[in-house]
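Before any comments, here is the structure.
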Amino acid sequence: MAVVKWIGYGLLGLVVTVTAGVGITLAVFDWNDARGFIARQASKALNREVAIDGDLNVRLGDPLRIRVEGLRVANAEWSDDKTMAELRVLDLQLRPWPLLRGDFEFPEIRLTGPKLLLEKNREGAANWNFGGPDPRKEAAKETVKPEDRTDLPIIETLVVAEGRLRFRDPTRKIDIDSGVNTAVGGNGDQEVRLEGKGDFAGKPFTLTAAGGSLEYLRDDPKPYPLRVETAIGKTRGKIEGSIAEPVLLEGVDLSVELRGDDLADVFPILGIPVPTTRPYAISGHLGREGDVWRFEGMNGKVGESDLSGQVAVDLGGERPRITGDLTSRKLAAIDLAGFIGASPEGRGDYPTKGRERIIPATEVPLEKLRTADMDVKFRGEHVEAPFSTLDALDARAKLENGRLVLDPLSLGVGGGRVAGTAVLDGGRKTPALDVNLDVRQIKLARLFRETAFAQEMGGTASGRIQLKGQGTTVANILGSSDGKLGVAVDGGRITSYAVKGLKTNILETLGVVLSGDKPLPFNCLVADVTVKDGLVESRALVLDTPETLVTADGTINLRSEAMDMTVLGRAKSPQIFATHVPVHVRGTLGAPDIGVNATESAARGAAAVALGVLLTPLASVLPFLDPGSNEQPHCGELVRNARSPSNSSTGSSGTGKGRDAAPSGSPSGKSQ
């Protein structure tokens, strides 16, 4: 037994001697000699070059104290920047005994002058993915992707000073360059706090974030509390709530508030394509299921319109896919201006091709159309226009590979409806627009029911709009467009307020009979025009009043917005004061010039082609409006009279007053 006892003492002495020798060796060891070995092992693990350019010091004890100066990690090979991360000084404390069970416990980590660059290239590859076909790369990838919060190291206190964080994503035009001055966390009730500021896509950026302690983040089974406030330019965001599994972003339960001057500004931030808007404020609940983020319980205002509903963004595909169901109980029509390239702030707040132009020269937002896919339903229950409250607007927007389809697109107007489809194809080299809309049974009296002249308006309007064009701007699309537009208003009245807006001598020249402050009645108003390469040309522009037939002929150039129209009134019976001299409408859409050329003789006006020729084009208008229907009885009678020589003596539909016969042998006597 004595022998065994002395052998035991000997072994214990040997262990003590070896341990003391190792301790003495480590104490006097120059750790700078190990920099190369440590850097090489780190490089193999990350498959990136890791270098330690400064001193490496280790002080033994519990905890170990480690100081590293000049630490660098190389960037991905495709990046223009050679360095992904660098650190001027790293001071950390590490408890040695938990290492025996595979745990990392840091009483304190202090980072001085850290710089981190996170970026994606145009193909979507991220520089923070270290994995690849090499098994070592895959292993490295796994090492930087913890499975849950318990895989995180224990950090009792973290201090970041003079930090810099940059994030770049050229596919979304994101370039955040932010300073990080403090990020401090501790145990118990202490918070992790982070404050940063910098630039986001050229706009000032600030961020303030606070969460539970780092110990709470790792070990507490309760959802991790989080509060974030950020500002990017004039856009303000606030997020508050909790995340059940913060490492995997599972169990997200956050309330969100977002406000700013223009919803279009959120595109670089969130990647959701929206048009230009007026100031907005929106709130709701943010959650996540797998790759799908859901914003539910949305409530807020955009301009003068309220907005509610839900939106979901699925990040699992090649491109984000946005789905939604939105409702506005009160929708201001002006808030829809951004959808046609105009500004809800009014004229002058959007680009045009020149002075006195009104057609928007706004660029077609190809980047927005091609960044994400979308299927969003929208309903505006009450649409408030400047002159009336319209009925429901229903639209479904489908965006796929840059091709936006609005189908159905329907708006209730004056008891009738404007409905059809609109397609904006942004997947082509040159964007193209295709619009096909029907106008059905719009009653003018009901349309203007909330105005001062509601009782003076009348008639029922129907028609169709078919237009195709292509170009890089709204103005270019209209300037290259082809199609046709037709509308007929049957048995109506024009308010005296509108009549007073015209020069009295102009109306008298046309032979239009006014009755003081009474509205101007008419039997039929028809406009039928063709559009060829941006040139609008009249086929038939006719206003049939009880006493006068007013016709117009000419063109409107959508490229230049120039107008060249001639309007002529032809009495159905002799009129004492009417001169029947043509009225010219020239100038531009934004600055029309209406005048009379007194040098043109009355004889020339009276020599206008006979009624049959004037009205013959209308024969093609009514079938164009609604084949086989009788929704335009007065306009239909006007056409039938023009087509039938036996009825040409009636001159027009209406009250029967002031009818005159077409001259014998005139073109109106031809069989149509």
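Along the sequence shown, residues are numbered consecutively beginning with 1. It should be emphasised that the depicted structure is a prediction, and the values quoted were computed from it without experimental measurement.
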Expected list for residues 425-434: side-chain donor-acceptor pairs under 3.5 angstrom, two or more places apart:
residue, atom, partner, partner atom, Å
D425, OD1, G427, N, 3.0
R428, NE, T430, O, 3.4
R428, NH2, Q470, OE1, 2.7

Side-chain donor-acceptor pairs under 3.5 Å in residues 56-76, sequence neighbours left out?
residue, atom, partner, partner atom, Å
R67, NE, E69, OE2, 3.0
R67, NH1, D91, OD1, 3.2
R67, NH1, D91, OD2, 2.9
R67, NH2, E69, OE2, 3.3
R72, NE, D53, OD2, 2.5
R72, NH2, D53, OD1, 3.3
N75, OD1, N127, ND2, 3.0
N75, ND2, S79, OG, 2.9
N75, ND2, D81, O, 3.1
N75, ND2, E119, OE2, 2.9

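Going from atom CG of N476 over to atom CD of E363 covers 8.0 Å, rounded to the nearest 0.5 Å. Here the OG1 atom belonging to T371 is positioned 3.5 Å from the CZ atom belonging to F267, to the nearest 0.5 angstrom. We find the CD1-CG distance between I322 and D373 to be 8.5 Å, quoted to the nearest 0.5 Å. Within the model, atoms CZ of R95 and CG of D103 stand 12.0 Å from one another, a figure rounded to the nearest 0.5 Å. Note that CG of L117 is 12.5 Å distant from NZ of K82, once rounded to the nearest 0.5 Å.
Looking at R48, its side chain never comes within 3.5 Å of a backbone N or O of A45 through a donor-acceptor pair. Under a 3.5 Å cut-off, the side chain of R288 and the backbone N or O of L249 do form a donor-acceptor pair. Panel note: side chain Y280, backbone D261; no donor-acceptor pair is recorded below 3.5 Å. Between the side chain of K368 and the backbone N or O of V274 there is at least one donor-acceptor pair closer than 3.5 Å. Proximity of a side-chain donor or acceptor of T362 to a complementary backbone N or O of G341 within less than 3.5 Å is detected. Looking only at distances, a side-chain donor or acceptor of R35 sits under 3.5 Å from a matching main-chain atom of N32.
Defined by atom type and a distance below 3.5 Å, a donor-acceptor pair is missing between the side-chain atoms of N401 and R370.
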